[in-house]
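Structure first, commentary second.
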Amino acid sequence: MPTLPLAERCLRLLHIEDSDLDHQLILAQLQRAGLRFEITRLDTLPDIEVALDRTWDAVISDYNLPGFSGLVVLDMIKQRQLVLPFVLVSGEIGEDTAVAAMRTGASDYLLKNNLARLAPALLHAIESCEAQLARQEADRELLKSKQQLHELAGHLQTSVEMERAAIAREIHDDVGGSLTALKFDLAWIARHSKDEDVQQRVQSALETVTSAIESSQRIMHNLRPAILEQGLLAAVQWLAARFERRTGIATSVRHVGDHFQLPAGVPLVAYRCAQEALTNVSKHAGATRVEVELSMEGGVLTLEIKDNGHGIAPGDLSKARSFGIRGLRERAATVGGWVDLSSGLHGTALILSVPLRGVIGDFEFDEDGEPLSVGAGHDPSSWGAL
């Protein structure tokens, strides 16, 4: 964008005018105002159309021209989607026509017998258009920044899940294997020793090892839920039952729709959404009942977690470090979904929606959410069942 003030810049002006005398009047007014400018006069549509491919600071146009009007030129500018100041000058334009021109997109209109306002009107029109262009550029940069942040959030979510899976495998292969071997050794000692003190120590050690194995299994489930291999419904039911045992909050799971093979990534997103929602219920809701509904209707996977707690205060979600719901929304966006949250006096409802129409990754679906094809290198057996 230009940095010099308008009064100091050499303006590039296009003058649409068939009268040389009127053109000279325009030049005199601009020179009298002390403006620096380069001006080109045209009066035929073909020449004007070619000229619009060049860069101009503003267009000054007569209304009545041979075979066309200034509004035709304005329409050409709009069709090209140019943000270009357009000042209409005429000796006989009526008020209705002038108002219609302003509504169509003209920056201003003047009468030829009163051109004293030409320079201020022209400068104001250029300033307004440049401010509009600056806003558009800022909006583009903001959109680009948001897209980059969204892509970064998606990458971080994927990286976190990959790291979780790697840690879970290490726990299973290294820690789990070692604990299982230790349990066998302790069992062997118990079978081959008659000493009562040794037996007591062995039993105590076996209980400790068993507890450690259970803890490692719980950690592995949290890191990478193997239960998802049995389908999303089974995983959500297991999660709800475990939540109910741990918290004492009555939790029910309802399923609507047929079983369905979901694209890779969707089951894990839904599972993590349910996990986060139930964690928030246990920490903040003060609820005595939770209802979980999983549905697959109209080509949309929907997961709703609803409690009867005291709800969420209006300012809670806008806290600077309130990342739970924001994280869920970013996670849902990685599979083309979104998260809605509603809260009131009778509890909170969190809804995850993932439409399966169109294409998600390399997976293509019809209007009913049924898979049409699988991208190269993808095996349908790797999809998660509902």
Side-chain angles (χ1 to χ4, degrees), residues 149-186 205-247 262-284 292 294 303 305 321-335 337 339 350 352 354 360-362 377-379 381-386:
L149 288 174
H150 172 66
E151 291 172 357
L152 175 61
H155 171 71
L156 291 177
Q157 293 284 1
T158 301
S159 299
V160 166
E161 290 300 339
M162 291 176 64
E163 190 65 24
R164 283 171 176 260
I167 295 172
R169 282 194 300 270
E170 290 182 11
I171 293 175
H172 179 271
D173 297 340
D174 297 339
V175 179
S178 299
L179 289 174
T180 301
L182 180 58
K183 188 173 182 180
F184 283 134
D185 289 341
L186 289 171
L206 279 171
E207 291 175 2
T208 300
V209 170
T210 300
S211 176
I213 291 174
E214 292 174 351
S215 296
S216 66
Q217 289 174 341
R218 184 180 68 255
I219 293 170
M220 283 189 294
H221 272 299
N222 288 334
L223 289 172
R224 186 70 178 180
I227 188 69
L228 276 174
E229 295 177 3
Q230 301 178 31
L232 178 57
L233 178 59
V236 170
Q237 289 173 333
W238 175 84
L239 188 64
R242 185 165 168 266
F243 172 81
E244 185 174 24
R245 286 196 304 270
R246 189 178 76 252
T247 63
L262 298 173
V266 174
L268 183 58
V269 167
Y271 179 88
R272 292 297 188 203
C273 185
Q275 190 178 44
E276 177 73 17
L278 291 175
T279 299
N280 287 339
V281 170
S282 65
K283 287 182 178 180
H284 310 296
V292 181
L294 185 64
L303 173 68
I305 300 95
R321 302 190 62 83
S322 178
F323 297 120
I325 297 300
R326 298 179 202 170
L328 287 181
R329 285 173 174 153
E330 289 294 341
R331 187 188 291 273
T334 62
V335 291
V339 170
L350 184 146
L352 167 70
V354 181
I360 298 178
D362 291 326
H378 292 268
D379 181 0
S381 63
S382 67
W383 294 12
L386 177 61

Please step through side-chain contact (heavy atoms from CB on, under 4.5 Å) for the pair Leu303 and Val292, ending with a clear verdict.
CA-CA 7 Å; Leu303 173 68; Val292 181; 3.9 Å; yes
From [X] atom [atom1] to [Y] atom [atom2], the distance as rounded to the nearest 0.5 Å:
X      : Y      : atom1 : atom2 : result
Leu179 : Ser215 : CG    : OG    : 9.5 Å
Leu239 : Leu278 : CG    : CG    : 5.5 Å
Ile305 : Glu276 : CD1   : CD    : 10.5 Å
Leu186 : Leu206 : CG    : CG    : 5.0 Å
Arg242 : Thr247 : CZ    : OG1   : 11.0 Å
Arg329 : Cys273 : CZ    : SG    : 10.5 Å

Identify the heavy atoms of Ala332 and Leu352 that sit nearest to each other, and give their distance.
CB-CD1, 3.6 Å
Hey, does the side chain of Thr279 reach the backbone of Gln275 with a donor-acceptor pair shorter than 3.5 angstrom?
yes
Criterion side-chain contact (heavy atoms from CB on, under 4.5 Å) on Trp238 and Phe243, from CA distance to verdict
CA-CA 8 Å; Trp238 175 84; Phe243 172 81; over 6 Å; no
Applying side-chain contact (heavy atoms from CB on, under 4.5 Å) to Leu328 and Leu350, what does each step give before you reach the verdict?
CA-CA 10 Å; Leu328 287 181; Leu350 184 146; 3.9 Å; yes
